[in-house]
Amino acid sequence: MTSQTAFAKVDLLQPAPTQPLGYYDYFGKLLSPQEASQLVVNKRLNPNDPISYQRVGAVKITKELIAKGEDIFFNRKIGDTFGLQGVFGFALGFAKISNELGVAIASLQGQPTTNLKITLQKDLTLGSRTFPKGTVIPTGLKIPKGQSGALGITASGDLTCALCHATLSNSKVIPGVPNGELAIPLFIALAPNTAAGFARLNFNPLDPQYKGNGKTIIDSKGHQVELPDPDKLEKAFDDAVLDVPFGHFESSPDGIRDTTQIPSVFTFKDHPYLADGQFAVGPFAGLTAITNAVHSSEINLFAAAQVSEKTLGIDPEVYIGTLLQNAAVPSLRLPEGVIVKPSEWLRGVIAPNPTQAELEDQIPAPGTGTYPKLRPSLFTYNGLVFSPNTQKPGDIASGTFLFADNAMSAFQNSLVPPANQTSENWQALTNNSVKRGAKVFEKANCATCHIPPFFTDNKIHPIDEIRTNPARAQSRLALNNLLVPPKLYTFNTPVPIPANAEVLDLPTQGISDTPTTLPKGILPKGGYKTTTLRGLYASAPYLHDGGAAVRAGSLRFDSNGCFTVVNKSGLGLSGTLSLGIPADPASSLRALLDRDLRALVIKANKANPSLVRSNLDGTGHYFYVDRQAGFNSNQQADLINFLLALDDNPGSF
């Protein structure tokens with residue numbers, strides 16, 4: 001495989017290489033069969049035995065593995081039944097609008113939709129807000145042709161990866177494209193115990209403003225502590241959740257309001273992963289680590305209690321008690337009239353076996369300790385690894401250790417941005433605007449960081465350099481002093497894990513200074529990865545927070561290509577995703593590139609208190625291609641057309 005640096009000198013409109021079948025992933029290095037064989041020989045193992053490759057940590061990329069990853073991606077639930085459903089109550093919340101969903105889907109008469117709109121049959125109160133009967137709400141749910149359910153939601157109310165990371169185009173399901181219209185805040189706020197996710201935002205449950213009718217518990221130091229009033233905390237948390245624009249999510253139990261756009265999953269050669277690049281270690285250059293995180297730390301509510309005192313300053317018993325006192329299922333709530341230590345009550349009464357409750361499908365990584373006192377590592381930030389028990393019949397994710405995560409990584413790496421077949425792209429290709437834009441891209445030095453053909457330098461840049469809102473860059477800083485060296489079991493290890501299982505030390509050279517420090521670029525104050533530019537036409541708005549957002553029709557152009565703002569209400573997230581209205585790709589890219597327009601967008605974002613509270617403003621990345629930088633309006637337009645053409649084959653329609 002040619003190096004990415006070498007590709008910087010080729011035609012910018014050439015298709016990017018794709019993941020090769022038959023090769024091996026070795027902790028982010030792509031090895032040919034011959035190279036993988038030599039690796040195994042060097043480890044004094046038999047290269048003719050497939051298990052030898054699993055023992056050294058090499059994953060063979062095959063059609064079969066990709067197909068299994070695709071099956072898991074579309075059909076296997078994420079999250080644990082105990083926490084996500086029993087305590088948080090996602091399915092119970094979704095049931096509150098089940099009648100409205102049924103009516104809306106029936107009205108389609110078998111036709112597909114990319115954004116199901118429901119009409120409330122009765123008043124709906126969430127937090128301090130009441131949505132009156134008759135309100136029309138765009139849900140962002142995708143309904144495939146002839147189906148009676150939404151893409152990514154099972155009949156039992158479980159979620160799959162496809163809910164956020166797939167869309168419809170001409171009745172065809174397209175995986176990898178982010179569902180930027182998804183009404184995540186609504187679906188979260190509907191849950192009866194939304195506040196169980198309090199650690200995802202800057203909520204201290206013992207803040208005096210939430211004092212009231214909370215239960216009294218015994219904390220880890222033996223002191224009696226009064227928990228927050230469940231109704232007050234729930235109302236306040238629902239309000240905070242409803243601050244968030246559609247298509248954004250909050251996943252990190254870091255106590256920071258750092259909501260992030262749903263990312264695309266065209267992941268091949270786009271490492272490191274997540275907005276700040278924190279997932280860089282392990283198979284597939286960190287992709288397996290973030291895939292694991294979705295199933296463990298992002299969804300698992302209880303595991304964060306292990307480090308809550310050191311990362312959030314919240315006693316673990318207070319953490320667990322806050323989750324349980326208002327559990328969605330009444331039998332899971334802390335008892336009335338009895339003062340208990342929540343963790344002991346949890347073990348003695350409702351969940352004596354954590355592997356059947358909050359650790360469903362999870363395995364402690366080697367070297368992290370014993371639950372509930374696991375330590376984080378660069379691979380897993382709660383010490384857990386998603387690896388379903390092979391004794392579960394019919395479970396498509398069951399297999400040897402880390403099978404499901406690696407299969408999904410191979411599948412995601414097989415995806416490429418779908419062809420941009422809009423009339424605008426056809427015209428821009430036909431009149432050579434795209435080719436001219438490629439020259440502007442080079443002249444403006446965009447390729448310094450966005451190196452073709454994957455249009456990233458695969459680096460994390462310090463926050464002082466990027467100057468984007470720092471919230472998303474700081475999400476893991478509190479873990480730095482808690483990390484243990486990253487280790488995994490060999491990939492031939494059966495589940496449950498036997499006592500004599502072999503262990504792999506994950507390489508961190510070139511990623512972090514030591515195996516127990518965060519990746520370079522994140523320390524000391526946080527950083528952001530260089531995001532790929534591929535698939536931009538399908539992933540508006542832009543920047544790490546999605547703050548560079550403009551609604552279609554907000555700009556007017558004269559004969560010289562110069563624009564004026566004709567609709568200020570369409571600027572920023574408050575004029576787009578906060579209203580459930582998509583951002584226009586071309587107009588939003590112009591806001592990214594033009595400093596005058598960006599200033600107006602930032603002003604609009606900062607005028608919205610909800611966005612300010614969520615740290616969504618569109619600041620940073622002050623690398624402009626505008627008049628002040630020496631480029632005229634036509635060159636700016638050509639660059640935008642070039643960026644929107646970066647699909648599976650940028651030079652063709």
Side-chain angles (χ1 to χ4, degrees), residues 4-5 8 12 260-261 263 270 272 275-277 434 436-473 521-522 525-537 539-550 555 561 563 571-573 583 585-606 615-646 650:
Q4 188 160 331
T5 303
L12 297 185
T260 306
Q261 277 187 282
D270 187 32
D276 61 353
V434 171
R436 294 193 300 270
K439 295 184 181 300
V440 175
F441 186 83
E442 292 180 312
K443 184 178 179 181
N445 295 319
C446 301
T448 301
C449 293
H450 297 282
I451 303 172
F454 299 101
F455 295 92
T456 175
D457 60 8
N458 307 113
K459 294 180 180 178
I460 301 168
H461 294 265
I463 187 65
D464 289 342
E465 178 183 333
I466 303 300
R467 293 190 287 168
T468 307
N469 188 298
R472 276 144 290 280
I522 292 181
K525 296 189 294 185
Y528 286 106
K529 67 163 282 186
T530 302
T531 56
T532 179
L533 303 180
R534 302 175 72 219
L536 286 181
Y537 87 92
S539 59
Y542 306 111
L543 288 182
H544 296 90
D545 64 356
V550 178
L555 308 179
F563 69 89
L571 302 182
L573 285 166
S587 300
S588 299
L589 276 176
R590 196 171 296 271
L592 183 69
L593 298 171
D594 191 285
R595 73 193 72 199
D596 292 337
L597 181 56
R598 178 90 78 84
L600 294 175
V601 168
I602 292 173
K603 182 178 179 181
N605 287 332
K606 290 188 174 182
N615 289 302
L616 301 170
D617 52 31
T619 57
H621 192 273
Y622 298 124
F623 307 114
Y624 295 116
V625 182
D626 56 8
R627 178 177 51 81
Q628 294 94 314
F631 297 90
N632 61 40
S633 57
N634 290 326
Q635 290 174 306
Q636 189 181 75
D638 288 338
L639 175 57
I640 290 170
N641 286 332
F642 165 73
L643 294 172
L644 294 176
L646 295 178

Residue pair D545 / Y542: nearest heavy atoms and the distance that separates them: OD1-O, 4.3 Å
Polar contact flag, side-chain donor to acceptor under 3.5 angstrom, Q636-D626: no
Which atom of L536 lies closest to which atom of P585, heavy atoms considered: O-CB, 4.5 Å
N/O donor-acceptor pair under 3.5 Å between R595 side chain and Q628 backbone: no
Nearest-0.5 Å distance, CG of residue L646 to NE2 of residue H450: 11.0 Å
Chi angles and distances behind the side-chain contact (heavy atoms from CB on, under 4.5 Å) call for T619, K606: CA-CA 10 Å; T619 57; K606 290 188 174 182; 4.1 Å; yes
Min side-chain heavy-atom separation P541-L573 under 4.5 Å: yes
side-chain hydrogen bond (donor to acceptor under 3.5 Å, both in side chains) evaluation trace for N605 with D617: CA-CA 5 Å; N605 287 332; D617 52 31; over 6 Å; no
Gap separating the CG atom of L543 from the CG atom of N469, nearest 0.5 angstrom: 10.5 Å
Distance-minimising heavy-atom pair for L597 and L571: CD1-CD2, 4.2 Å
Polar side-chain atom of R534 near backbone of F454 as donor-acceptor pair, under 3.5 Å: no
Shortest non-hydrogen separation from I460 to P272 and the atoms involved: CG1-CG, 3.9 Å
Verdict with reasoning, D457 to T530, per side-chain hydrogen bond (donor to acceptor under 3.5 Å, both in side chains): CA-CA 6 Å; D457 60 8; T530 302; 2.8 Å; yes
Aromatic ring pairing F623/H621, orientation class (parallel under 30°, perpendicular over 60°, tilted between): perpendicular
Gap between atom CD1 of I463 and atom CZ of R472 - 0.5 Å precision: 9.5 Å
Side-chain donor/acceptor of K439 to backbone N/O of L639, under 3.5 Å: no
side-chain contact (heavy atoms from CB on, under 4.5 Å) evaluation trace for V440 with K443: CA-CA 5 Å; V440 175; K443 184 178 179 181; 5.5 Å; no
side-chain hydrogen bond (donor to acceptor under 3.5 Å, both in side chains) involving D276 - partner list, sequence neighbours excluded: Q278
Aromatic ring pairing F455/F642, orientation class (parallel under 30°, perpendicular over 60°, tilted between): perpendicular
Euclidean distance, L589 CG relative to S587 OG, rounded to 0.5 Å: 9.0 Å
Where T456 and N458 come nearest, the two heavy atoms and their spacing: OG1-N, 3.0 Å
Minimal non-hydrogen separation, A548 against S588, with atom names: O-CB, 3.3 Å
Under-4.0 Å salt bridge between D594 and R627: no
Separation of K529 NZ from T532 OG1 (nearest 0.5 Å): 7.5 Å
K459 NZ to C449 SG distance, which is reported to the nearest 0.5 Å: 8.0 Å
Donor-acceptor under 3.5 Å (Y622 side chain, G620 main chain): yes
Pair Y528 + H544: ring centers closer than 6.0 Å: yes
